[in-house]
Amino acid sequence: MKGKKIIIKTRRKKIMNRQEVEKKWQDYWYSNKIFKAIDFSPKPKYYALIEFPYPSGAGMHVGHVRAFSSMEVVSRKRRMEGYNVLFPIGFDAFGLPTENYAIKTGIHPRDITDKNIKTFTEQLKQVGFSFDFDRVIDTTDESYYKWTEFIFRKLYDKGLAYRSHTYVNYCPTCKVVLSNEESQGGVCDRCNTQVIQKDKDVWFLKITSYAEDLLDGLKDLDTSQRIKVEQENWIGRSEGAFIDFSLDGTDDKFTVFTTRPDTLFGSTFTVIAPEHPLISKYKDRILNYSEVEEYKKNANLKTEFERVQLQKDKTGVKLLGLNAINPINGKALPIYVADYVMMGYGTGAIMAVPAHDTRDYEFAKKFNIDMIEVISGGDISKEAYTDIYNGTLVNSEFLNGLSVKDAKVKIIEELEKRGVGSRAVSYKMKDWAFNRQRYWGEPIPIIYCPNCGIVPLPYDDLPVVLPKIKNFEPNKDGESPLASLKEFTECSCPKCGSKARRETDTMPQWAGSSWYYLRYTDPNNDKEFASYDKMKYWLPVDWYNGGMEHVTRHLIYSRFWNEFLYDEGLVPYKEPYKKRTAQGLILGPDGEKMSKSKGNVIDPIDVVNEYGADVLRLYILFISDYEMATPWNKDAIKGCARFLDKVEALKEKVNKDQMDYTPQNKVIINKTIKEVSEDIESSKYNTAIAKLMILTNALTESESISRLDYETLLKLLNPFTPHIAEELWHLYNNDTIQYAEYPKYDPNSLISNTCTMVVSVNGKRRDEFTCERDLDDEKVKEIAISLDKVKPYIENGIKKIIVVKNKIVNIVV
RNA sequence: GCGAGAAUGGCGUAAUGGUAGCCGCGUUAGACUCAAAAUCUAAUGGUAGUGAUACUGUGAGGGUUCGAGUCCCUCUUCUCGCACCA
């Protein structure tokens with residue numbers, strides 16, 4: 001402890017006190033509103049967006065700093081490039097952790113949230129982020145969630161919000177219904193409890209009707225392959241056909257979905273999901289109904305996790321007394337109930353073609369069902385032949401001899417002609433389960449009237465305000481605490497005036513974040529969610545950075561809302577984001593994911609207190625490639641502190657009156673300007689910083705440097721380490737560096753007029769020499785073979801000499 | 001199982017098909033100091049050698065090329081995403 005104090009003292013004597021200087025400039029920036037975004041400014045606009053944080057009690061995390069730092073650097077650079085920058089911040093403050101904390105402590109979520117937002121805001125300012133703090137939004141503020149309710153109401157009007165009775169993912173610990181997105185892998189997103197299937201009344205948003213648009217919009221999104229592919233997989237489009245199978249002895253039929261209609265002649269049985277309505281409908285005709293009921297019950301008991309575990313072990317029950325008719329050849333096929341067919345995908349029923357589908361193959365083997373080979377080329381005695389590129393149709397009457405591709409077209413034509421099938425597209429994505437039985441969320445503006453049924457609240461009556469309550473515990477039925485509050489639930493029907501009941505479920509946390517980027521353009525508007533003109537000016541978001549984990553949830557949800565609002569004529573652009581990047585995780589020093597329980601959490605504010613905000617910002621971007629997960633190294637950060645000390649020490653060498661580049665540094669400065677700028681644009685912050693270090697090392701080796709040399713370095717540094725840049729800039733300037741013109745490079749000064757030629761023999765480096773640029777190839781060869789170190793290797797004759805201009809000579813012997 | 005990505009010193013990482021290891025950390029030696037820290041200087045992939053230097057080296061094995069960390073094929077391991085999706 002004593003030693004540490006001495007270190008700080010020594011540093012203070014030699015160089016600036018970072019924390020003091022940082023505080024000074026933060027006060028200057030924020031009190032003068034240096035980062036204010038100006039509506040309708042004639043400058044070109046730039047909208048940089050980061051995912052707004054959840055204001056947890058733990059405060060800011062180093063992960064937040066990394067997530068925000070990329071757009072922070074870009075925003076500061078854009079301001080210097082003459083843009084009118086919108087770089088906003090807000091808080092996604094509804095949600096379970098706050099509510100759970102309220103249950104534990106009895107403190108109201110409103111008070112917890114306010115306190116956490118205050119702390120978080122202070123921490124953001126301590127790091128010096130250049131947000132426009134005049135546009136802060138809070139999703140739990142009545143003036144904000146009024147518009148979240150408004151959008152829900154719009155969705156309802158269009159039939160895109162509906163109530164349905166289905167099996168849902170339910171977390172027994174959190175006592176909430178979860179969406180597929182929140183229960184990936186069969187466990188609850190928040191608490192890792194195994195999700196169970198529960199029969200419930202649920203609000204859904206019909207995101208599936210936007211599946212095609214959501215897929216389409218990805219085409220123009222500037223993003224990594226990974227982010228695109230993840231969204232595509234999530235939407236999960238597949239092309240195929242609906243085919244009707246009639247039920248033997250009835251006038252009824254059921255429809256299957258298949259991507260392989262070409263194999264229809266090879267179908268030897270059909271399978272329906274345990275939840276398929278056919279079962280109860282033909283209760284009386286199914287001879288083994290009790291066995292089927294039993295199977296159905298067991299299937300529902302299985303958790304998602306168990307289903308995955310038992311993936312290979314197929315189970316099922318044959319429906320006795322009920323057969324399906326293959327529409328193409330009139331053959332009677334047995335119907336099985338099996339849980340490897342899901343009610344939630346396609347039609348919940350399949351035509352099974354064991355010869356050409358792996359799952360059907362396993363099932364057929366287990367239940368001793370026949371197979372018919374209809375695509376030649378494989379060996380179906382060993383395994384299902386699923387190749388769709390090779391192979392020819394056989395045993396399929398009019399399809400025989402065709403390729404899979406052609407057979408698909410022809411069979412669909414035939415089915416359509418006969419009126420028993422059609423081309424179809426199916427999506428993996430399901431409708432979005434949109435309610436939670438909790439208090440701390442946006443109320444759903446719906447009323448249940450005994451006469452009129454479901455009635456939406458009139459627009460003029462919005463918002464439904466969350467009442468201030470004292471007991472936040474959900475009740476025993478897993479209902480929201482609002483359900484036990486008479487003052488809230490009792491109301492009158494807006495249509496007929498009779499006594500009615502208010503919806504007590506609230507919206508999921510993803511609601512508020514589905515449109516927040518719109519609100520930033522006009523955060524204080526109390527007439528509309530944002531003015532059309534302002535949205536037209538600011539949108540679309542030019543660059544959006546956020547977590548990889550939000551690619552399949554938040555990104556898709558928010559694009560859905562935007563596309564919907566666009567169709568309603570309420571927003572000016574169909575796609576909200578032009579470009580999307582994602583940062584990697586920062587792991588603990590032990591290489592594990594940071595967590596309280598592992599005790600490996602690094603608090604960014606501790607780093608600010610020890611090294612300063614500039615060092616924190618610099619290190620977080622220098623640590624590795626921006627997209628890569630990397631462990632924190634408590635020693636490596638010292639290198640960043642040393643670097644900034646060096647930058648400061650350079651001031652002693654500056655010739656104040658020299659306003660051009662010093663000749664010996666001209667090339668490296670121009671090169672650095674070019675490369676740092678390009679690196680920032682392609683999210684290579686780590687190499688950008690490495691190049692700034694190289695430049696600083698070069699300037700340190702110079703006898704003296706010019707004012708322009710130094711100011712150029714400071715400008716290039718400003719996006720990364722604005723405090724020290726501002727402080728040193730003021731040695732020579734009175735105005736802020738934040739709007740100083742970003743340096744430009746001179747293409748003619750990027751290369752020196754001499755170059756180093758490497759000489760290798762058979763690809764092995766042997767020597768090098770320096771010569772003028774673009775020297776004639778013949779002369780280069782002459783010099784190369786005359787070198788003493790090269791001579792011994794070419795004694796036995798030369799086969800060939802390859803010269804790569806200004807780079808390398810390779811002598812082949 | 002399917003899809004995407006990755007594998008380079010003691011560590012984090014860097015290299016338009018053209019000097020592998022930039023930049024940073026760490027380590028070693030030296031300077032300053034009574035001493036330590038900080039700072040500065042030098043060295044630092046491995047093996048051999050006092051040394052110039054030589055050989056070797058980017059997960060493994062093949063290939064293309066004058067030349068491969070980079071391109072192609074096969075394999076191994078790891079990370080991420082999806083997962084009985086019909």
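For the pair F643(A) CZ and U13(B) C1', the interatomic distance rounds to 17 Å; values are reported in whole Å. In this structure, the CD atom of E362(A) is 14 Å from the C1' atom of A83(B), given to the nearest Å. Look at NZ on K634(A): it is 16 Å from P on C11(B), rounded to the nearest Å.
Here the two rings, on F363(A) and Y336(A), have centers that are under 6.0 Å apart.
Using a 4.0 Å heavy-atom cutoff across all strands shown, K764(A) reaches sugar-phosphate atoms only and no base atom. Across all strands shown, R765(A) has heavy atoms under 4.0 Å from base atoms, whether or not it also approaches the sugar-phosphate. When heavy atoms are screened at a 4.0 angstrom cut-off, N762(A) is found touching no nucleic acid atom at all. Contacts of M628(A) with the nucleic acid, taken as non-hydrogen atoms under 4.0 Å apart, involve only primed sugar atoms and P, OP1 or OP2.
Between the C1' atoms of A14(B) and U19(B), the separation comes to 15 Å (whole Å). Comparing the same atom, P, in C2(B) and in G9(B) gives a spacing of 30 Å after rounding to whole Å. Across A37(B) and A52(B), the matching P atoms stand 31 Å from one another, rounded to whole Å.
Counting only heavy atoms from C-beta on, N810(A) has its side chain closest to C66(B) among C25(B), A54(B), C66(B). Comparing A83(B), U19(B), G12(B) against the side chain of W234(A) picks out A83(B) as the nearest.
In terms of phosphate contacts, N633(A) brings no side-chain nitrogen or oxygen within less than 4.0 Å of OP1 or OP2 of G26(B).
Between the side chains of D360(A) and Y340(A), at least one donor N or O lies within less than 3.5 Å of an accepting N or O. R18(A) and Y611(A) share no donor-acceptor pair across their side chains, judged by distance under 3.5 Å alone.
Both distances falling under 3.5 Å, in either a Watson-Crick or a G-U wobble arrangement, place A7(B) opposite U76(B).
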